[in-house]
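Notes to accompany the following structure.
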Amino acid sequence: MSQSRLFYIDNLRIFLISLVILLHLNITYGAPGDWYYNESEAGMPAIILQAMFNITNQSFFMGMFFFISAYFTAASVQRKPRGTFLKDRLIRLGIPLVVFYFVLNPLTNFIHYYYIKHEAVTFAGFLTNPRAWGFGPMWFVETLLIFTFLYLLARKLNLNLRIPFPGTKVILIAAVLTGLAQYIIRIWLPVGWSLPHTNLQFPFFMQYIFMLIFGVVAYNNKWLDAISYKSAKQWFLFAQLMILIVLPVMLYVGGKEKGIEAFVGGGSWQSFAWAIWEQVVGFAMMIGLFGIAKKYWNKQGGLARQLSGSAYGVYIIHPPVIVGMAAVFVGWQDINQLLKFVVLAPVALVLCFALAWLIRQIPGANRVL
């Protein structure tokens with residue numbers, strides 16, 4: 001494995017964290033989903049477009065984050081002594097997790113209740129109220145911290161799996177089996193359910209678990225080197241057909257009676273179709289993006305370096321930024337919500353990256369962020 005920096009991975013991080021911001025902003029302005037503040041629920045046909053955007057992103061972006069995180073965890077643990085590695089992970093994952101749980105989550109809720117709902121509350125009251133504490137979207141970092149400990153334990157088994165990059169048939173079988181497992185979980189734990197006090201979203205977790213495992217295997221077996229541009233383009237184009245043709249048909253036919261709710265779980269055929277579609281598209285998008293990015297995005301200028309360096313900070317601070325921005329523009333009630341999302345999307349991206357960059361200028365912040 002080459003030790004040179006994989007700039008295309010850094011650039012993919014910029015892309016993926018931007019999708020996280022846009023997904024949560026989309027929920028704010030009409031798309032179905034759970035978030036701190038939902039200004040409205042979109043009507044037809046906008047809700048189809050907004051749901052398609054979020055469903056597509058959900059199929060791959062967090063799984064891809066987990067794959068990348070596991071890939072570099074495997075690389076890091078081989079370079080550093082175990083104690084140094086664990087200390088670094090506790091600093092980089094543990095400190096942001098604690099700060100978000102006790103400070104940023106209460107801040108986000110305070111902005112919502114004070115500036116949007118105009119309730120007589122104080123920030124100090126939220127800081128000291130356990131009901132205002134929470135992990136929010138930091139369940140991702142929480143999961144990585146758990147993975148770190150499990151991975152260190154697993155390394156004691158001295159498993160040295162030599163697995164070449166799988167072919168198309170194996171990839172599709174793996175995707176379908178992942179989707180089937182996800183469908184079974186959603187019979188009892190529908191989309192929207194999370195483990196109390198952790199915000200771990202088990203209805204999506206099968207893909208995340210596999211991507212954490214695949215990320216480690218990929219590093220040890222040079223899977224990213226094995227993804228050719230030609231195959232990546234084919235996987236990406238296949239995913240676009242699934243997104244632009246199969247998904248709208250599935251949403252229209254399956255949602256005629258009960259709407260989006262028919263897809264979230266409970267053993268319905270709609271839930272089965274979504275679970276399989278989600279994993280097939282997710283696997284295809286991930287392979288496609290890795291291969292395409294490796295060919296076209298494997299370089300960085302100064303701006304891209306700053307953006308990629310700020311990506312983790314963006315993930316941590318984006319909830320209060322998005323809700324704060326929603327509070328500023330809450331008076332725009334007459335504008336179409338989909339249009340509001342489109343207009344405010346670049347504003348949200350600039351604000352989140354700019355604030356994260358400023359925080360990184362604080363002495364010592366780079367060690368955490």
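Because the structure is a prediction, the values reported are computed rather than measured. Positions are given from 1, in the same order as the sequence printed here.
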*Fit a plane to each ring of Phe214 and Phe283, take the angle between them on a 0 to 90° scale, and name the class: parallel (under 30°), tilted (30 to 60°) or perpendicular (over 60°).*
perpendicular
Tyr115 vs Phe110 aromatic rings, parallel, tilted or perpendicular, using cut-offs 30° and 60°? perpendicular
Pro137 and Phe100 have their tightest heavy-atom pair at CD-CZ, 3.9 Å
Correct closest heavy-atom pair for Ile47 and Pro32 would be CG1-CD, 4.0 Å
Verify the distance criterion only: is there a donor paired with an acceptor across the side chains of Gln207 and Gln182 at less than 3.5 Å? no
Are there over 12 heavy-atom neighbours, none belonging to Asp34, within less than 6.0 Å of that residue's CG? no
Glu278 and Ser59 have their tightest heavy-atom pair at O-CB, 3.4 Å
Fill in: Pair Ser231, Ser228: side-chain N/O donor-acceptor within cut-off below 3.5 Å
yes
Given the options Val176, Leu177, Val170, Ile173 meets side-chain contact (heavy atoms from CB on, under 4.5 Å) only with Leu177
- Does Arg186 count as lying over the ring of Phe204, i.e. NZ or CZ under 6.0 Å from the six-ring centre, within 45 degrees of the axis? yes
- Query: Parallel, tilted or perpendicular: which fits the ring planes of Tyr8 and Phe290, with parallel below 30° and perpendicular above 60°?
  - Reply: perpendicular
Assert yes or no for the condition that the ring centre distance of Tyr208 to Phe205 is strictly below 6.0 Å. yes
Test of understanding: clusters of I, L, V, M, F, W, Y form through side-chain heavy atoms closer than 4.5 Å, transitively. Do Met138 and Val98 belong to the same one?
yes
In this structure, CG of Asn109 is separated from CG of Asn129 (nearest 0.5 Å) by 9.5 Å
Next on the checklist: More than 12 heavy atoms of other residues, nucleotides or ligands under 6.0 Å from NZ of Lys233: yes or no?
Outcome noted: no
* Asked: Between His112 and Tyr37, what is the ring plane arrangement, given parallel below 30°, perpendicular above 60°, and tilted in between?
  -> tilted
The side chain to side chain donor-acceptor pair (under 3.5 Å) partners of Tyr229 (sequence neighbours excluded) come to Tyr296
- Query: Taking side chain as C-beta onward, heavy atoms only, is Asn220 less than 4.5 Å from Leu161?
  - Reply: no
- Give a yes or no on this: more than 12 heavy atoms of other residues, nucleotides or ligands lie within 6.0 Å of atom CZ of Arg162. yes
Checklist entry - Is the NZ or CZ atom of Arg13 positioned over Phe72's six-membered ring, under 6.0 angstrom from the centre and within 45° of the axis? => result yes
Note: Gln50 and Ala31 closest approach over all heavy atoms is NE2-N, 3.6 Å
Checking Gln361 side chain against Trp357 main chain: does a donor-acceptor pair fall under 3.5 Å?
yes
* For the residue pair Trp133 and Phe102, does the interplanar ring angle fall in the parallel (under 30°), tilted (30 to 60°) or perpendicular (over 60°) class? -> perpendicular
Tell me whether the rings of Phe329 and Trp332 are parallel (<30°), tilted (30 to 60°) or perpendicular (>60°). perpendicular
NZ (Lys340) and CD1 (Ile335) are apart, to the nearest 0.5 Å, by 7.5 Å
Value for CH2 (Trp35) from CG (Asn26), rounded to nearest 0.5 Å, stands at 12.0 Å
So CG of Leu6 and OH of Tyr71: to nearest 0.5 Å the spacing works out to 5.5 Å
Output for pair (Ile243 CD1, Thr56 OG1), nearest 0.5 Å, gives 4.5 Å
Exercise. Indicate the ring-plane relationship of Phe65 and Phe140, choosing parallel, tilted or perpendicular according to the 30° and 60° boundaries.
Key: tilted
